[in-house]
Protein chains: 2
Amino acid sequence: MSNEIPRATVERLPRYLKCLEQLIQHKRTISSTELAHLANLSPAQLRKDLSQLGSYGIRGVGYDVEQLQGEIRRELGLTRDWPVIVVGVGNLGSALAAYGGFGNRGFEIAGLYDVDPDRIGDNIQGIEIRSLDRVGRDVAARRVAIGIITTPAVAAQSTADVLVAAGISSILNFAPAVISVPSHVELRQVDLSTELQILAFYLQSRSGESAPRPRDDEP
Amino acid sequence: MSNEIPRATVERLPRYLKCLEQLIQHKRTISSTELAHLANLSPAQLRKDLSQLGSYGIRGVGYDVEQLQGEIRRELGLTRDWPVIVVGVGNLGSALAAYGGFGNRGFEIAGLYDVDPDRIGDNIQGIEIRSLDRVGRDVAARRVAIGIITTPAVAAQSTADVLVAAGISSILNFAPAVISVPSHVELRQVDLSTELQILAFYLQSRSGESAPRPRDDEP
DNA sequence: TAGATTGTTAATCGATTAACAATC
DNA sequence: TAGATTGTTAATCGATTAACAATC
C-alpha cells in the first residue's frame, strides 16, 4: 500500500542530490538524459528511480532542479536535522568531527565519545569528548538515533553493543571489522581496505591473471 | 570460458576475508553455517560465493580456515603489494595515511600529494608530501595503479583528471562529489553524507512518515 | 555405515534496460 | 501542431534462496 521504494533506488538518491546541488546555480530544469549523465547512470534508470518518488518531471521539458532537490530531501528525511554521535576519536573520528559537511546536510554532531582518559575532556570543533559511559543518558536526553563507530577494529563490536543498549537504531561502522547488530538496527559498514581489495581484484583480473591455478591436493 | 566472478560476490569476498582473519587463531575448519553467521549472510549465499572460486570446502567437514583465506587473498590479488597514492592531505587524507592497515593488507602508500605549498615537504609516517605536479612522473616510476582522492569536493573532478592522465587506472574517491572517469578506469566512491542519508531514509520510513504528501501545483 | 555438510540445480525474486504511448 | 521528454510497461538480466544429491 505505502509506496515501497526499492533499496537500490534509495541508495542512489544521495547521488542525485549531490548532482542537483552542484547544478542548482546553473540551471532551472534538467532532462533525465543530462542528469543521468552527471550521475554516471542511464536515463532510463534515473527516470525509473525518480518516478518512485511520485511524478515530478514535466514531459517535454524535464525536471525542475529546485523542486526535485526538495522532493529527494524530503524522501530521505533531510527536512529535519538528525543528531549523530561519534565513538572513537582517533585520527579518523577526529577527521569526521572536523568535517564541515554535517550541518548543511541534515546532520549535526551531538556528541563525541572515547574511552581514553587522556582524551576525555578535550574538544574538537567546540564539542567536548566525553566518556563512553555517558552515552546511554546522552542518547536518551538528545534523542539520538545515529551512531558512528570509528574505534579500532577490536573495539567495534563492543561499541556497537553499547550503542544498541543505549537505544541507537542506526549505525555507521568505519572500523575494519564485521560486526553484528539486532535486526531492528540498521547497519552500514564502510571500510578502506574493503574498497581497496575490490579495486585490486579488478586490477588483477584486467591484467590477465584470470584463472586461479587449480590445487592438486592429491599426489 | 574464464571463471567470471559476479560483482556481488567480489564485493563480499573482503568481508569473508575479514571474518577469517578474526578466526584463524581459534579454529582450523569452519562450516558454511558458522562463517555465514559471522558475516551476517545466509549459508546458501556463502556456499554459492565460495563455490565460484573453485571448490575448497570438504563435504561433511567445512572449509579449512587457512586455506580458504589463502584462496580469497589470491582471488582478490593480495598476494602482491599494491602501491597506492593519496591526493589531498587534509584531515581525512592524513587520517588515512596514518592508518596502519595498509601494509599488512596488501597495500602500501607510495606517495602523498597536495597543492597547498605550506604542506608540501611535510611528512606523515615518514612519507613526504609532494606537489601534485609530480604525480605523473611518480606514478610511471613506481607503477602505481590505485589513487585515493581526499581533496575537497570542488577539487575532486580535476584531481581525478590528473590521476587518469598520470596513468592511474583505479580510483577511490572520498570527496563528497560525484565524479566521472573514462570507462577503462575503475571508480569507487565512499561518502560519509551518502551513508548518513541512507540511514536517515530508513529511520524516517520506520518512524511512520511513509507517504510523502502529494503536491497540488494547480489551484 | 551414519551423520554432516558441501556444491549445484531450479525456482524465486528484484533490478535494469529498452521501447513507446502519454503529454507537456 | 511538432518536437521533446517523461512515466510506464514488458523483456531481460542477474542475484538470492531453497532444496537435495553428492560425498567427505
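Worth saying up front: this structure is predicted, and the values here are computed from it rather than measured. Order of the sequence lines sets the chain letters (A, B, ...), proteins ahead of strands, with each chain counted from 1.
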Distances under 3.5 Å between protein N/O atoms and the N/O atoms of nucleotides 15-18 of chain D, please, pair by pair.
residue	atom	partner	partner atom	Å
D:dT16	OP1	B:R12	NH1	2.9
D:dT16	OP1	B:Q45	NE2	3.4
D:dT16	OP2	B:R12	NH2	2.9
D:dT16	OP2	B:Q45	NE2	3.4
D:dT16	O5'	B:Q45	NE2	3.1

Exercise. Where along residues 22-29 of chain B does a heavy atom fall under 4.0 Å from DNA chain D?
Worked result: none
Below 3.5 Å between N/O atoms, which protein atoms pair up with nucleotides 20-24 of chain C? Just atom names and distances, please.
residue	atom	partner	partner atom	Å
C:dA22	N3	A:R59	NE	2.9
C:dT23	O4'	A:R59	NE	3.3
C:dC24	O4'	A:R59	O	3.3
C:dC24	O2	A:R59	O	3.3

Seminar exercise, completed: Applying side chain to side chain donor-acceptor pair (under 3.5 Å) to A:T9 and not counting sequence neighbours gives A:D49
For this session: Return the set of residues passing side chain to side chain donor-acceptor pair (under 3.5 Å) with B:Y113 (not counting sequence neighbours), or none when no residue passes.
Result: B:D138
Problem set entry | Residue pairs passing the side chain to side chain donor-acceptor pair (under 3.5 Å) test where at least one lies in residues 162-177 of chain B, sequence neighbours excluded | B:N173-B:Q189
Exercise. Where each pair must be Watson-Crick or G-U wobble with both distances under 3.5 Å, what dot-bracket representation of DNA chain C is obtained, with crossing pairs in [ ] and other-strand partners as |?
Worked result: ..||||||||||||||||||||||
For this session: List for me each residue that meets side chain to side chain donor-acceptor pair (under 3.5 Å) alongside A:S32, sequence neighbours excluded, and say none if there are none.
Result: A:R47
Exercise. Can you tell me how far P of D:dG7 sits from CG of A:L50, to the nearest Å?
Worked result: 8 Å
Exercise. Applying salt bridge (charged side-chain N to carboxylate O under 4.0 Å, His left out), which residue pairs with at least one partner in residues 171-190 of chain B are found, sequence neighbours left out?
Worked result: A:E195-B:R188, B:R7-B:E186, B:E11-B:R188
Return all side-chain donor-acceptor pairs below 3.5 angstrom for residues 158-167 of chain A, not counting sequence neighbours, or 'none' if the list is empty.
residue	atom	partner	partner atom	Å
A:S158	OG	A:A155	O	3.1
A:T159	OG1	A:A155	O	2.7
A:D161	OD1	A:Q157	NE2	2.9

For this session: Send over the distance from A:E4 CD to C:dG14 P, rounded to a whole Å.
Result: 10 Å
Pairs of donor and acceptor atoms involving the side chains of residues 36-44 of chain A, under 3.5 Å and at least two apart or interchain, shall be tabulated with distances.
residue	atom	partner	partner atom	Å
A:N40	OD1	B:S180	OG	3.1
A:N40	ND2	B:I179	O	2.8
A:S42	OG	A:Q45	N	3.1

Exercise. Is any side-chain nitrogen or oxygen of B:S31 closer than 4.0 Å to OP1 or OP2 of C:dT5?
Worked result: no
Seminar exercise, completed: Sorted by chain and number, sequence neighbours left out, side chain to side chain donor-acceptor pair (under 3.5 Å) with B:D191 holds for A:K18, B:S193, B:T194
